[in-house]
Visitor: 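Handing you a structure now.
In what follows, every chain begins at residue 1, and chains take the letters A, B, ... in the order their sequences are listed. In what follows, every heavy atom counts, from backbone to side chain, and hydrogens, waters and symmetry copies are set aside.
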Number of protein chains: 2
Amino acid sequence: MQNKFSKLLSSYIPILNWLPNYRKDNLSGDISAGLTVGIMLIPQGMAYAMLAGLEPIHGLYAVTVPLVLYAIFGTSRQLAVGPVAMVSLLTAAGIGALNPTGPEQYLLYAVTVAFMIGVLQFGMGLLKLGFVVNFLSHPVISGFTSAAAIIIGLSQVKHLLRINLPSSEHVQEIIVAIAQNIGDIHLLTFGIGVLGIIIIKYGKAIHKQFPAPLVAVILGILLVSFFNLTDYGVVIVGDVPSGLPTFSSPSFDSNTWSTLLPIALTISLVGFAESFAVAKTIQAKHKDYKLDPNQELIGLGMANFGAAFFKGYPVTGGFSRTAVNDQAGAKTGLASIISAALIVLTLLFLTGLFYNLPSAILAAVVLVAVSGLIDFKEPLLLWKKDKTDFAMLMATFLITLTLGIETGIISGMVLSLIVVIYRASKPHMAKLGRIPGTNIYRNTARFSNLELREDLLIARIDGPIYFANVEFIKAKLDDWIAEQKGSLKILILNMGSVTNLDSTGAHAFKDWIKEWRAQNIGICITATKGPVRDILNRWEIIQLIGEEQCYINTEEAISIIDNNFNSDLKDKIKPYSIQSF
Amino acid sequence: MQNKFSKLLSSYIPILNWLPNYRKDNLSGDISAGLTVGIMLIPQGMAYAMLAGLEPIHGLYAVTVPLVLYAIFGTSRQLAVGPVAMVSLLTAAGIGALNPTGPEQYLLYAVTVAFMIGVLQFGMGLLKLGFVVNFLSHPVISGFTSAAAIIIGLSQVKHLLRINLPSSEHVQEIIVAIAQNIGDIHLLTFGIGVLGIIIIKYGKAIHKQFPAPLVAVILGILLVSFFNLTDYGVVIVGDVPSGLPTFSSPSFDSNTWSTLLPIALTISLVGFAESFAVAKTIQAKHKDYKLDPNQELIGLGMANFGAAFFKGYPVTGGFSRTAVNDQAGAKTGLASIISAALIVLTLLFLTGLFYNLPSAILAAVVLVAVSGLIDFKEPLLLWKKDKTDFAMLMATFLITLTLGIETGIISGMVLSLIVVIYRASKPHMAKLGRIPGTNIYRNTARFSNLELREDLLIARIDGPIYFANVEFIKAKLDDWIAEQKGSLKILILNMGSVTNLDSTGAHAFKDWIKEWRAQNIGICITATKGPVRDILNRWEIIQLIGEEQCYINTEEAISIIDNNFNSDLKDKIKPYSIQSF
């Protein structure tokens, strides 16, 4: 009893699995990783907060309590939770729809979204709904991510060039606005931004763990301070309040909630999908612990509650920081706790240093981060391998670019489902013939020189028989029957790949059998799978066909039909054709 | 060339298939059926128009031009087109949302809906979208029809009892209102209504083609006329204008269109589904012509254009009148043309007779018609045979009853699709074992005493491998692999029931193979179907597995693995396992 309870407890509070038995030899890796990621988090947190439309400080607040909560409730030991580009952009898009009157209301909406995401993810985790993430298919994620990366990149152009641009998630509008304002580019700002991009992008070439973004930040601050660049028009971050975040409360206004709900749902799903994909990749390398999608939802939900109550904004597991965390040696969630501690120290003692940080450097941080997200390989691959999925990728990409992030992801999911249904509505079917001199039957559409008999039609249905495809299946069978009109005596249906019949399928199947019999065509079925045989029994279709007309395979059916099988074989095989198998 | 053109022409104008070669011996049947249906149409047309919220005369207008147009463009030769109960109710629901100011605007909206349905059905026919009707599954149609029948029946209670009721399609509201007004029942009206119901319901017992509704109508008129029942408060139809319908034009106001679009779409689909189902049932008895779903859409679309331009309202093929038409001997569309001619004569000379017709008699016509539509059998059957489909039926039924017709049908369709996706996301999988002393491999979950080997795992996946189920399949396979940890050498995947792989599935399958190999588990696949083998080739998965690891079936795989197969067999089978099959 005691044991069962502690097992249950540690399944909901995974930190109990590693902290009580913490091994000393993990400590150096955890400290090194924790500090490395913490240093990354300072510029990234501020940059992503700016992308979300918030003051930079909230990006730092978002990597204090949430990281500790994830370390307690999450199942991944390397996942680095915090603000990420996509979620920041989605947050901005969602809050924009509410037309906040000022920074205070903007923050209120941000913590409200975080709270709603917490409720949704925590709830989905409790209800074991982690499987819904499966409905985001590979091409949809790829097309969506590429488009979102472009939208995010374009959103940073205003900081990089210091020009006025509307905050829009419709690419066409931003491009038109850039073209119109191209004359107003502030070259000094642009120069600082490009310098930042070069340092961040190529700094890694020096050393894998070279803290390039931090170096760019420091260099930016030094340049502004020494040369008084603000006098020349360079925009800086300005006052960053010092001290720990105070308690914040989300709004419970029903109108606010209903407006924010779609974006909260989208972030809950997309954020979880991104996070879980990263966590899986890293877990596959370690294997000393198990990932649980439902507990991951709970962990991320708790992290978002932490963001909601301590002036942060929505967080999830990020790709690049998790990779760095792992490379730098993180073995347990202690690494994340150390990262959070570093941020706490920064908040207490170092915020004054960020006064002169140019916004263009933060834009550079975002631009380099998202430039790696644009996926060229997958569309090329799909163009060669799978035209349907290519079309789905491009559709999701173009819809996201032109109609916005939310419309894009929802269209992508709906498109995926339509393709599933469309494919299921036209199952593959084969008319079988015998390979001469053997007992092997193959698809006449793929093999030549197969033996066909005028009195027999052997048809195979490769898929479930259900409401969306009964018409298609019947029409195809009737076409084949019509080709053998007059001579056809027996229709053998190979059901080996029929995986299910719903009630529409069962009703239809009964009607077909009666209709064919009325045309003096005998029916037998072969190779029926267990679950389908159960259904055929339940609907009394086996009885309608006659149990003796249900064979184990086509060979047996034909040999018995031709009355020249040897009784030895019959004794051996028959029992299994009558039983379900 | 001439011939091709005339073939194309007669495929779009099916009347050309039968009118030029009209056989005289069909004439008597067509006349008899045409007159019988025409007589039915007089009370039904008026009653359904009243149900749609229109003046009764428009129900008669709707069975003039539309019938002739369907006879020209439709492919069924027995289908009796005209107003039907469900479509009438849907029309009323759709127009109600626009709050028409008076009968004239109501009519304008009615012809606008008819016009929109004409555009939608005609367009879907041209685009060959007839297949969409397949997405209405059997249980959804059954649940929806039963609920709609109850809603329609309740909508007639106000005429039958002569009490004030709100026009609502939410059953709970109507029932409350009836309870509140139960004291106001007008007993004389009720008596006439009950008399009408008895005549219509049991009149058929006298003779199959006894025109019971017409008799009830005549009796009602006579009773009111002789006893001056209007003085006692019986509500009558009143003035029915005589003469043919004049030309009417639909509204092209964009706001009207966007409000009416959902209902027009619903009627287009539901109306077509009902009509096509009836047409199929009747055609199956005749077989001297072919039904074409896309041309049916064109025919119904044309009929709705006819309704739109001649003061009618939406029409479709009706169940009961089609059955009567067939029983009375209809052989071609001429029967419908004769019905229309009878209505034209009525409009010209007989409308004055309907002045004293009690509304309660028309209510009786509708009530008897819809009482037959409530389906008790199917839910009972599904409860026994298929609990999922039972749940779907009940959900559609209850949602339709309580949240309205449109929400009901849309929820039903969405539910069907969710079930499809959910089922596809959890494909049936089997771990196979050998029936002792044979080479037959069966599902260990269904057979006992199967031989299992510690070094082999034989798994069968029964469904496509795609984005929605890759996680499920991987988890199950990994569970089975974990059970044989340490001893497992080779995983044999029986792919015989895998019907497709999308790009997500292909990516995942590659990853799995690499992951399992890293665990020192060899992979081979067996029984792959042609189309799947093409996909595996395209994604270079066959090459990854190794062509020599792809076997024709499990027996072959194991015998080759065990290196004790006879070379004779190898020579015979091998070529087909390398080729696609």
Side-chain angles (χ1 to χ4, degrees), chain A residues 131 134-140 284 293 378 381-382 384-386 388-389 416-417 419-421 423-425 427-428 430 435 438 440 442-443 445-447 462-464 466-472 496-497 499-500 502-504 506-507 515 529-531 535 538-539 552 572-573 576 579-581, chain B residues 131 134-140 284 293 378 381-382 384-386 388-389 416-417 419-421 423-425 427-428 430 435 438 440 442-443 445-447 462-464 466-472 496-497 499-500 502-504 506-507 515 529-531 535 538-539 552 572-573 576 579-581:
Chain A
F131 74 90
N134 297 343
F135 293 127
L136 286 165
S137 70
H138 210 287
V140 166
E378 188 70 13
L381 189 69
L382 290 182
K384 276 185 245 154
K385 313 284 190 185
D386 192 329
T388 314
D389 279 6
S416 310
L417 298 187
V419 169
V420 171
I421 297 286
R423 280 194 181 137
S425 77
H428 182 252
I435 296 172
T438 72
I440 299 171
R442 291 288 170 260
N443 183 357
R446 303 181 69 94
F447 280 69
D462 293 345
Y466 75 116
F467 69 89
N469 69 17
V470 285
E471 295 293 330
F472 178 88
S497 301
T499 51
N500 191 33
D502 73 351
S503 69
T504 310
H507 278 298
E515 192 186 319
K529 289 265 173 350
I535 296 169
R538 218 180 308 133
W539 284 96
I552 198 164
K572 249 190 188 153
I573 297 175
Y576 302 108
Q579 270 190 55
S580 55
F581 55 88
Chain B
F131 73 91
N134 297 344
F135 293 126
L136 288 163
S137 70
H138 210 285
V140 167
E378 189 70 13
L381 190 67
L382 290 182
K384 277 185 245 157
K385 312 284 190 185
D386 190 330
T388 315
D389 278 5
S416 310
L417 298 188
V419 169
V420 171
I421 298 285
R423 280 193 181 139
S425 77
H428 182 253
I435 296 171
T438 71
I440 299 170
R442 291 287 170 265
N443 183 357
R446 303 182 71 92
F447 280 69
D462 294 346
Y466 76 116
F467 70 88
N469 68 18
V470 284
E471 295 294 330
F472 178 88
S497 300
T499 51
N500 192 31
D502 73 352
S503 68
T504 310
H507 279 298
E515 192 184 320
K529 290 264 171 354
I535 295 169
R538 218 181 306 134
W539 284 95
I552 199 163
K572 249 191 186 152
I573 295 176
Y576 301 108
Q579 270 191 55
S580 55
F581 52 89

Visitor: Is there a donor-acceptor pair closer than 3.5 Å between any side-chain N or O of Thr499(B) and the backbone N or O of His428(A)?
Guide: no
Visitor: What residues, two or more places apart in sequence or in another chain, satisfy side-chain hydrogen bond (donor to acceptor under 3.5 Å, both in side chains) together with Lys385(A)?
Guide: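 Lys385(A) satisfies side-chain hydrogen bond (donor to acceptor under 3.5 Å, both in side chains) with Glu540(B) once adjacent residues are dropped.
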Visitor: Does the Asp389(B) side chain pair with the main chain of Ser503(A), one donor and one acceptor, at a distance under 3.5 Å?
Guide: yes
Visitor: Can you list everything that forms a salt bridge (Lys or Arg N to Asp or Glu O under 4.0 Å) with Glu378(B)? Sequence neighbours excluded, please.
Guide: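 With neighbours one apart ignored, the set is empty.
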Visitor: Distance check, rounded to the nearest 0.5 Å: Ile552(B) atom CD1 versus Ile440(A) atom CD1?
Guide: 4.5 Å
Visitor: For a quick test of reading the model, state the closest non-hydrogen atom pair linking Lys529(B) to Ser497(A) and the distance between them.
Guide: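 Smallest heavy-atom distance, with atoms named: NZ-OG, 3.0 Å.
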Visitor: Does Thr504(B) reach the main-chain N or O of His138(A) with its side chain, forming a donor-acceptor pair under 3.5 Å?
Guide: yes
Visitor: Select, from Ala430(B), Gly496(B), Ser137(B), the one with the greatest count of heavy-atom pairs under 4.5 Å involving chain A.
Guide: Ser137(B)
Visitor: Between Pro427(B), Ser416(B), Pro293(B), who has the most heavy-atom pairs with chain A when the cutoff is under 4.5 Å?
Guide: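 With the most close heavy-atom pairs to chain A, the winner is Ser416(B).
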Visitor: At a 4.5 Å cut-off on heavy atoms, which part of Leu381(B) comes close to chain A: side chain, backbone, both, or neither?
Guide: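 The side chain, not the backbone.
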Visitor: Taking the side chain as every heavy atom from C-beta outward, state whether Phe467(A) and Val140(B) have any atom pair closer than 4.5 Å.
Guide: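 No, too far: nothing below the 4.5 Å cut-off.
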Visitor: Where does Asn500(A) contact chain B at under 4.5 Å (heavy atoms): side chain, backbone, both or neither?
Guide: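 Looking at Asn500(A), just its side chain touches chain B.
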